[in-house]
There are 2 protein chains.
Amino acid sequence: MFELDVRSRKPIYEQLVEKLKQLIINDVLKEDEKLPSVRELAQQLTINPNTIQKAYRELESQGYIYSLKGKGSFVHPSGKVNNEEELKKVREELKKLFAEAIYLGVSSEEIAALLREVEGGQEND
Amino acid sequence: MFELDVRSRKPIYEQLVEKLKQLIINDVLKEDEKLPSVRELAQQLTINPNTIQKAYRELESQGYIYSLKGKGSFVHPSGKVNNEEELKKVREELKKLFAEAIYLGVSSEEIAALLREVEGGQEND
DNA sequence: CTACTGTATTAGGAGTGATAATACAGTTAA
DNA sequence: TTAACTGTATTATCACTCCTAATACAGTAG
């Protein structure tokens, strides 16, 4: 499915969250698609099931997946997330990153171009 | 100068880096202005000098300040940073955050509006 | 019932964050 | 030169987090 950098300074569960987020956002994992079970993914990646669970719990709290006891974990449909707390965080992050980028010399035109680039590759309902 | 949240899950030195970055970006700390010395700031904030140094080292590696042995640490002039590694990181972060925001339901129009908002409050050379 | 799912808890080892105490090196002013 | 600043480096110690390991419980499906 993907690789993890065990010797990285970043925690494994955070790397997992990021990678799965990318797969969900880029529609590799479709709406309501079943994710690998905690134990199955743990075996595939040769890491502990608890670490997987921690990543899934984080993804659920951020609104990217939902979990049903006894059934599995599934991709949360885009747009129907409605996680006001996460939205607030993302807006704050955007503003902070904009100020940072501009300070470092990235023009607002280039930033807008990056946005259009990402926008093109998305297509949401 | 500012406050830190010791009982936060975020490391103190990272909080320091963020706060100082904000002060520099928002021009509260002017170009080439001298920052408090490692020991002085440590005393003011009641934290260990080594923690301050770690934050300063990080800020220097990111291009926000420069340090001169025996003299002090100073604000690196905006635009003259020229830290290609940091620029690359920031561009990657922007793209990742754009995809994330759009997935969560933030329209690209709103993102562009946030950019203009930040852009207005900056004014760089 | 059996074999899957998610979820929770406890325990232990490894690594990081923060503190403390020094030490060394370069600058500046008396 | 000396004294008092600066940044920088090292070592040791403690607490906390990350990760693993081993269970256990609860809900679902055949």
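Atoms considered below: every heavy atom in the structure, side chains included; atoms not considered: hydrogens, waters and symmetry mates. In what follows, chains are A, B, ... by sequence order, proteins preceding strands, each numbered from 1.
- Nucleotides of DNA chain D nearest to A:I12 and B:R57 differ in position, and the one nearer the 5' end is that of B:R57.
- Atom CD of B:Q43 is separated from atom C1' of D:dC5 by 14 Å (rounded to the nearest Å).
- Nearest nucleotide to the A:Y56 side chain, out of D:dC19, C:dG6, C:dA18: C:dG6.
- Taking atom CG of residue A:L35 and atom P of nucleotide C:dG6, one finds them 9 Å apart after rounding to whole Å.
- Dashed line: the shortest gap from a side-chain N or O of B:K54 to OP1 or OP2 of C:dG17 is under 4.0 Å.
- Distance CG (A:L45) to P (D:dC19): 13 Å, rounded to an integer number of Å.
- Salt-bridge formation is detected for the pair B:K89/B:E86: a Lys NZ or Arg NE/NH1/NH2 atom is positioned less than 4.0 Å from an Asp or Glu carboxylate oxygen.
- Atoms CD1 (B:I52) and C1' (D:dT6) sit 15 Å apart, rounded to a whole Å.
- When distances run from any side-chain atom of B:E40 to the nucleotides D:dT20, C:dT7, D:dT6, the shortest one goes to D:dT6.
- Put simply, CD1 on B:I47 is 11 Å from P on C:dA20, counting in whole angstrom units.
- Taking only side-chain atoms of A:V38, from C-beta outward, the nucleotide of C:dA18, C:dT7, D:dC18 with the closest atom is C:dT7.
- Across the protein-nucleic acid pair, A:L41 atom CG and D:dC19 atom P stand 14 Å apart, rounded to whole Å.
- The backbone N or O of A:S108 lies less than 3.5 Å from no partner atom in the side chain of B:E119, so there is not a single donor-acceptor pair.
- Checking A:Q62 against A:E58 by side-chain atom types alone, a donor-acceptor pair falls below 3.5 Å.
- Between B:S73 and the phosphate of D:dT6, there is no side-chain N or O to OP1/OP2 separation shorter than 4.0 Å.
- Taking only side-chain nitrogens and oxygens, A:Y13 comes nearer than 4.0 Å to OP1 or OP2 of D:dC18.
- If you take CD of B:E14 and P of D:dT17, they are 14 Å apart, rounded to a whole angstrom.
- Put simply, the side chain of A:E93 never gets that close to the backbone of A:V90: no donor and acceptor are under 3.5 Å apart.
- For B:Q53 and A:K10, each mapped to the nucleotide of DNA chain D holding its nearest heavy atom, the one lying further toward the 5' end belongs to B:Q53.
- The nearest whole Å value for the distance from the CG atom in B:N48 to the C1' atom in D:dT11 is 13 Å.
- In terms of phosphate contacts, B:S37 brings a side-chain nitrogen or oxygen within less than 4.0 Å of OP1 or OP2 of D:dT6.
- Annotation for B:A99 and A:I25: closest pair CB-CG2, 3.7 Å, computed over non-hydrogen atoms.
- In the model, B:Y64 has no side-chain atom that pairs as donor or acceptor with a side-chain atom of B:N83 under 3.5 Å.
- When each of A:N50 and A:S67 is assigned the nucleotide of DNA chain C with its nearest heavy atom, A:S67 is the one assigned upstream, toward the 5' end.
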- Message: Within the 4.0 Å limit for protein heavy atoms, which parts of nucleotides 24-30 of chain D are touched? Write it as a string from 5' to 3', B for base, S for sugar-phosphate only, - for none.
- Response: B-BBSS-
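- In summary, the side chains of A:Y103 and B:D27 do not present any donor paired with an acceptor at a separation below 3.5 Å, with no hydrogens or angles considered.
- Side-chain heavy atoms closer than 4.5 Å link hydrophobic residues (I, L, V, M, F, W, Y) into clusters, and following such links, possibly through other members, connects A:I47 to A:L35.
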